[in-house]
There are 2 protein chains.
Amino acid sequence: MAEYPPFAVTVDLVVLTVRQDALCILLIRRGIPPYHGRWALPGGFVGFDEDLADAAARELTEETGVPEAVGHLEQLGTYGTPGRDPRGRVVTVAYLALLPDLPPPVAGTDAAAADWLPVSRIAEAQLAFDHDVILAAGLERARAKLEYTPLATAFCPPEFTIARLRTVYETVWSSQLDPRNFHRKVTGTPGFVEPAGRVTEGDRGRPAQLYRRGSADLLHPPMLRPSLTRS
Amino acid sequence: MAEYPPFAVTVDLVVLTVRQDALCILLIRRGIPPYHGRWALPGGFVGFDEDLADAAARELTEETGVPEAVGHLEQLGTYGTPGRDPRGRVVTVAYLALLPDLPPPVAGTDAAAADWLPVSRIAEAQLAFDHDVILAAGLERARAKLEYTPLATAFCPPEFTIARLRTVYETVWSSQLDPRNFHRKVTGTPGFVEPAGRVTEGDRGRPAQLYRRGSADLLHPPMLRPSLTRS
DNA sequence: TGAATAGTGTCTCTCAGACAATATCCA
DNA sequence: TGGATATTGTCTGAGAGACACTATTCA
């Protein structure tokens, strides 16, 4: 292998959550060059004896403190254009994480600060490296996956109401959904959710049934984005 | 960067085509260790100043001789489990290529032989490395993408009949489709195909209109796999 | 003419979307 | 009681699947 050019391999994370009716992403403010002071995706180098998915899970836990079983983590794509990192030839494997709303993150060792930012305000943020491209891919992946998988439940706590699930869809898709049709569709899609047997308390209005994530990993029929329905 | 572990980065290709009503994949028989004599995905090391997609396109052209504009090439996923390559720490970025039927491939420099194998017979083939996992991912990606994109046209020559497009779907999905409903659906989906204005000649039966790929890159409504319709 | 394939029309069933109506809580 | 939210029911239109029927070629 000595005759082949050495690459550095990193993982970067697009960590999304829904908080206060806004789709938010976990970013760190870089404390070291390059891009010192800029917002960037959390991430880091892959250990020589470490699997890629393990490295992503490790970084996610380091940055957020969430146990690995919570939420959802999947590979998003790999970015390796020469020159994307001024330090050398760095190929990064991007992962997408979907998490329920969490307490504020702890700053990692190489981060001056870490915080949730609404994705609607990312345009002003001037992300480091090619992280704007990676983020865009993560957002589109998340929006698409809500259509045909039950991954919206990854944004929710273990038990949640249909209305909570609906706000997840509305937030990620930036569109309003009819509460009545949504309710019928979710409960009518086999394996999407299953009743927890309990109800909410203390809110305004009629108490809502609580549900847990179901066993399906593919939705039939899928939930369709209103914006794409018109052809 | 000197303090970070050096990786080798390769690209591997899942190259699919439809020939003689069988879904086939381009494989090379390895002429050098490791896995000497085994079938493997075509691929190779990424140049130090080369973009990942460029490396994939280069390998594809080297192995098949097709111009880059023909067919479809997209990133599939990245595989980097330690130990997946006995030569060292190799991370491979897999790409998926969909091509029209082509003349037999030319053997590359590091391949004792290259040939199209029906995917139905891959189980016996004992692929090298973790290429069976990568192939499985490529097949599932291809099957899924036929549902909501016009990529079935990538398996066809520039001008094709609806029946030809239908055999592509039937071959990739391993299921029979009603010719009449298929015709109505394809021609009724805006941007999927556009008439070329010519018809076939010399075949049995009524001549068929020829079509070209349309401008859409997403199908609304999508084509749905019969096997998944039942829920 | 008959076999073969291309393409159209029709029917039914399911489902998405609009929205009325009912249920059950809190103030 | 009135406001708010949850949940169910009804209607309509679009589209999928089944399949009869017509169109056009070759042998």
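Predicted model, so just to flag it, every value in this text is computed and none were measured. So you know, we letter chains A, B, ... as the sequences are listed, proteins then strands, and number each from 1.
Sorted by first and then second residue, the ring-ring contact (aromatic ring centres under 6.0 Å, His included) pairs with a member in residues 178-209 of chain B read B:Y169-B:F182; sequence neighbours excluded. Sorted by first and then second residue, the ring-ring contact (aromatic ring centres under 6.0 Å, His included) pairs with a member in residues 125-149 of chain A read A:Y35-A:F129, A:F129-A:H131; sequence neighbours excluded.
Partners of A:R180 under the salt bridge (charged side-chain N to carboxylate O under 4.0 Å, His left out) rule, at least two apart in sequence or in another chain, are A:D178. Residues satisfying the side chain to side chain donor-acceptor pair (under 3.5 Å) test with A:T161, not counting sequence neighbours, are none. With sequence neighbours excluded, the residues forming a side chain to side chain contact (heavy atoms under 4.5 Å, CB included) with A:H72 are A:E74, A:L98, A:L151, A:A154, listed by chain and number. For B:D217, the side chain to side chain contact (heavy atoms under 4.5 Å, CB included) criterion is met by B:R213, not counting sequence neighbours.
Rounded to an integer number of Å, the gap from CG of A:L224 to P of C:dA18 is 13 Å. Rounded to whole Å, the distance from CZ on A:R225 to P on C:dA16 is 16 Å. As rounded to whole Å, 14 Å separates atom C1' of D:dA27 from atom CG of B:D203. Rounded to whole angstrom, the span from the OH atom of B:Y169 across to the P atom of D:dG17 amounts to 13 Å. For the pair A:E201 CD and C:dC25 C1', the computed distance is 11 Å after rounding to whole Å. Rounded to a whole Å, the CD atom of B:Q176 is 15 Å from the P atom of D:dC19. Distance, A:L177 CG to C:dA18 P: 10 Å, rounded to whole Å. Atom NE2 in B:H220 sits about 17 Å away from atom C1' in D:dA16, given to the nearest Å.
If you check residues 152-160 of chain A against DNA chain C, you find no residue with a heavy atom closer than 4.0 Å.
Listed pair A:K185 / C:dA16 meets the phosphate criterion, a side-chain N or O lying under 4.0 Å from OP1 or OP2.
Taking CD1 of B:I25 as the start and CG of B:L127 as the end, the distance is 7.0 Å to the nearest 0.5 Å. For the atom pair A:C24 SG and A:D115 CG, the distance stands at 9.0 Å (nearest 0.5 Å).
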Walk along nucleotides 2-12 of chain D from 5' to 3' and tag each nucleotide B, S or - by protein heavy-atom contact under 4.0 Å, base first, then sugar-phosphate.
--BBBBB-B--

Ignoring hydrogens and angles, write down the donor-acceptor pairs under 3.5 Å from the side chains of residues 195-209 of chain B, residues two or more places apart or on other chains.
| from | atom 1 | to | atom 2 | distance (Å) |
| --- | --- | --- | --- | --- |
| B:R198 | NE | B:E159 | OE1 | 3.2 |
| B:R198 | NH2 | B:E159 | OE1 | 2.9 |
| B:T200 | OG1 | B:A208 | N | 2.9 |

